[in-house]
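Below is one structure, written out as C-alpha cells; comments come after it.
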Amino acid sequence: MKTPADLLKQLPSIDRLLQHPLLNQISAPHCLIVESAQEVVQQCRQTILAQQPQQNMDIQLDTLAEQAVQRLNKKLQPSLCRVINATGTLLHTNLGRAPLSDEALATIDSVARGYSNLELNLATGKRGHRYSHIDALLCRLTGAEAAAVVNNNAGAVLLALTALARGKEAIVSRGELVEIGGAFRVPDVMEAGGVELREVGTTNKTHLKDYRNAITDQTGLLLKVHTSNYRIVGFSQSVSAAEMVLLGKEHKIPVMEDLGSGMLFDLSEFGLPREPTVREAVDAGIDLLTFSGDKLLGGPQAGLIVGKKWAIDKIRQHPLARALRIDKLTLAALETTLSHYLDRQQALDKIPVLRMLNMSSDELHQRSQAFTEQLASRLGNHADVTLIEEASCVGGGALPTTELPGWGLAIALHHQSVDLCAAALRQAETPVVVRIQEDRLIVNLRTVLPAQEPALLDQLTAACRTQESD
Ligand SMILES: *Cc1c(COP(=O)(O)O)cnc(C)c1O
C-alpha cells in the first residue's frame with residue numbers, strides 16, 4: 001500500500017499538468033486554465049491527506065487534466081444565463097420576470113450594436129431627450145398629459161414622492177402600507193424620500209373622512225397604493241381614486257397612485273378579476289401614476305410614470321431623475337413593447353406574458369399530454385409520469401388571489417429523491433426550475449416557451465434517469 005508521502009510525490013507539478021494536451025491546446029484565458037489546474041492538484045492533495053487509512057489511490061495525469069477541463073468549463077460559463085421556467089409562475093422575480101417579445105429583442109440588438117439617437121433630435125440636430133422616444137406613446141396608450149420613465153417602479157415611487165412632497169406629509173391608508181418582496185416597504189421608501197408618513201384609517205377600513213381629518217398645512221400629498229400582492233377581503237372599505245382626487249382638488253393637494261403592475265388592458269377579458277387599468281386611473285384625475293415595466297405589462301424592467309404635465313415636469317427636473325435614469329437597451333425594448341399595445345390582438349400575440357396569461361386550458365392539456373407521453377417513454381421504470389390538473393399563479397406581486405386553471409405533469413421518481421433531482425435540474429446545461437409537491441416534481445408548461453420544449457425533455461430525461469447511488 002502506498003503511504004501519503006508516496007502519493008504526494010506522485011502529484012504532478014502545475015507546469016507539468018499545464019503541458020497536458022487537453023490543457024495545452026485549449027482556447028481560454030490563461031489565468032483561468034492555471035487556476036483550474038491549481039485547484040485540481042490542491043484538491044487531490046487534500047484528499048490524500050484526509051484519507052486514513054489510504055485507499056488504493058492512483059494518480060493519473062489524464063484524469064487530473066480532464067478534471068481541470070471540467071472546472072475550466074464551469075468558469076467559462078456566464079454567471080447570468082437562460083433558465084427554463086417550468087414553475088408555471090408567470091412573473092417570477094427570481095427568474096427575471098417578463099420574457100421579451102422577439103421584436104423587442106430585435107430593437108435592442110439594432111440600437112445597442114452601434115450608436116443611436118438616444119439624446120439627439122435628428123430633425124434639428126440639437127440635443128434631444130431620452131424620454132422623447134416613449135412619452136407620446138405612453139400618453140396615447142394611457143390618455144395622460146405627459147410621461148417619464150426611470151429604472152424601475154421602486155425608483156419611480158421614490159422619485160415621485162420626493163419631487164412632490166419632500167419635507168411634507170403624505171397621507172396613506174393603513175390598509176395600503178405595502179411591503180413588496182426585496183424589502184420595498186412604502187413607509188421606508190417615504191422616509192428615504194424625506195416624506196413624513198401620515199397613516200389614516202385601519203387595516204380593513206379607511207373612509208374619505210379619515211383623509212379629510214388628517215389634512216393640515218403640512219400635507220403635501222395624498223397617496224394611494226395598489227395592494228398588488230395581497231387582498232383585504234370581508235369587512236373592508238377603501239376610498240376610490242376619484243374620491244381622493246375630489247378631496248385633493250378641494251385642498252389643492254396633489255394625488256398620486258402607485259399602481260404596481262399597471263395594466264393597459266382590462267384583464268377581465270381573460271376571465272381574470274378586474275384590475276383598474278392605467279387609463280382608468282388617469283381618467284379619474286390622479287396627478288401622478290407609477291407602474292412597473294416588467295410585471296403584467298410584459299416589457300423590460302422599468303418604472304413608468306404618467307400624469308399631469310406640471311407633475312411630470314417636476315419629476316423630469318428633479319436631480320434624482322438623473323440618478324435613476326433608464327438606459328438605452330431598456331428604452332429600446334420598452335418602446336417596442338408599448339407599441340405592441342397599439343393593437344390589442346398584436347399585444348396578445350406578441351407579448352409573451354400576455355400569451356401565457358391567455359393560454360387556454362385546452363392548449364395546455366394538449367401540450368402537457370404529448371409531453372407526458374414522450375417523457376414517460378424515455379424514463380421507463382425510472383419514474384411515473386402523470387398528467388395532472390395544475391393551476392398557475394401570476395406572481396411578481398400581481399393578482400395574488402388569482403389562479404389560472406390548466407394542466408401539467410407530475411413526476412414520481414423511483415430511484416432518487418425529488419430534492420436531488422431538482423438540484424440536478426438547476427445545475428443542468430440549460431438550468432430548469434420546477435416545483436416540488438408531495439414528493440413529486442411538478443412541471444407546468446404554461447411558462448415554458450414552445451421552442452424550449454425539446455431542451456426541457458432532454459434535461460428532465462437526464463436528471464430523472466440518474467440513480468441515487470450514481
Ligand atoms: C412591484 C411593486 C413595486 C416595485 O416595482 P419594481 O418595478 O419591482 O421596482 C412598487 N409598488 C407596488 C405596489 C408593486 O406591486
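Each ligand, and each atom within it, is numbered from 1 in the order the structure gives. Index from 1, following the sequence.
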**OP:** Taking salt bridge (charged side-chain N to carboxylate O under 4.0 Å, His left out) as the test, write out the residues that go with Lys168, two or more places apart.
**Re:** none

**OP:** With sequence neighbours left out, write down each residue that passes ring-ring contact (aromatic ring centres under 6.0 Å, His included) with His129, or none if nothing qualifies.
**Re:** Tyr131

Per-atom contacts of ligand 1 with [X], taking only distances under 4.0 Å to non-hydrogen atoms:
X: His226; answer: 13 (C)
X: Ser292; answer: 5 (O), 6 (P), 7 (O)
X: Ala154; answer: 4 (C), 5 (O), 6 (P), 9 (O)
X: Gly260; answer: 12 (C), 13 (C), 14 (C), 15 (O)
X: Asp258; answer: 10 (C), 11 (N), 12 (C), 13 (C)

NZ/NE/NH1/NH2 to OD/OE distance under 4.0 Å, [X] and [Y]:
X: Lys308; Y: Glu145; value: no
X: Asp458; Y: Arg378; value: yes
X: Arg279; Y: Asp283; value: no

**OP:** Record the part of Arg97 in heavy-atom contact with ligand 1 below 4.0 Å; permitted values are side chain, backbone, both and neither.
**Re:** side chain

Subject >> Sole candidate of Leu404, Leu449, Leu445 that passes side-chain contact (heavy atoms from CB on, under 4.5 Å) when paired with Met356 >> reply: Leu449

**OP:** May I ask whether Gln301 has any heavy atom positioned less than 4.0 angstrom from an atom of ligand 1?
**Re:** no

